[in-house]
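What follows is a single structure, written as structure tokens, with notes after it.
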Amino acid sequence: MLARDTNQDRTDAVSLALRALAWTLGDSVRAERLLSLTGLTPDDLRARAGAPVVLSAVLGFLESHEPDLIACADALAVRPAALVAARAELEHA
């Protein structure tokens, strides 16, 4: 049962992170800052958008700028702590 809960947690983290990525890319200035600060390229995002390491980087990017973290959480109707928890889950994936 524990493995199932872990798999569900990871699935939930991936889903939330993908929604956060879409939100982040919805603003061209924020998207450029994401690419600049993470070292990701548009090709990286296209090829590996679902990879835990990429999604963790996206959530870490949001965490590093609290106004973005809060705005993203509001837009996704989740608490900022949910984004932080998702990053932690993805880092251990």
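All of these numbers come straight from a predicted model, not from anything done at the bench.
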Exercise for the section: Say whether, by atom type as modelled, one donor and one acceptor occur between the side chain of His65 and the main chain of Phe61 under 3.5 angstrom. Expected result: no
Problem - Sidechain-backbone polar pair: Asp74 side chain, Ala71 backbone, donor-acceptor under 3.5 Å - result: no
Handout entry: Spacing of SG belonging to Cys72 relative to CG belonging to Leu16, to within rounding of 0.5 Å
Key = 7.5 Å
Check: residues 45-59 side-chain donor-acceptor pairs under 3.5 Å, at least two apart:
unit_1, atom_1, unit_2, atom_2, d
Arg46, NH2, Asp43, OD1, 2.6

Practice task
Verify the cluster assignment for Val84 and Ile70: are they in a single hydrophobic cluster under the rule of side-chain heavy atoms below 4.5 Å apart?
Solution key: no
4.5 Å side-chain heavy-atom contact, [X] and [Y]:
| X | Y | answer |
| --- | --- | --- |
| Leu90 | Val14 | yes |
| Leu34 | Leu21 | yes |
| Glu63 | Leu83 | no |

Would you tabulate the side-chain donor-acceptor contacts of residues 24-32 under 3.5 Å, counting partners in other chains and residues two or more places apart, or write 'none'?
unit_1, atom_1, unit_2, atom_2, d
Thr24, OG1, Ala20, O, 2.8
Asp27, OD2, Val29, N, 3.3
Asp27, OD2, Arg30, N, 2.7
Arg30, NE, Asp68, OD1, 3.3

Exercise for the section: Check whether the side chains of Ser15 and Asp12 place a donor and an acceptor atom closer than 3.5 Å, and report yes or no. Expected result: no
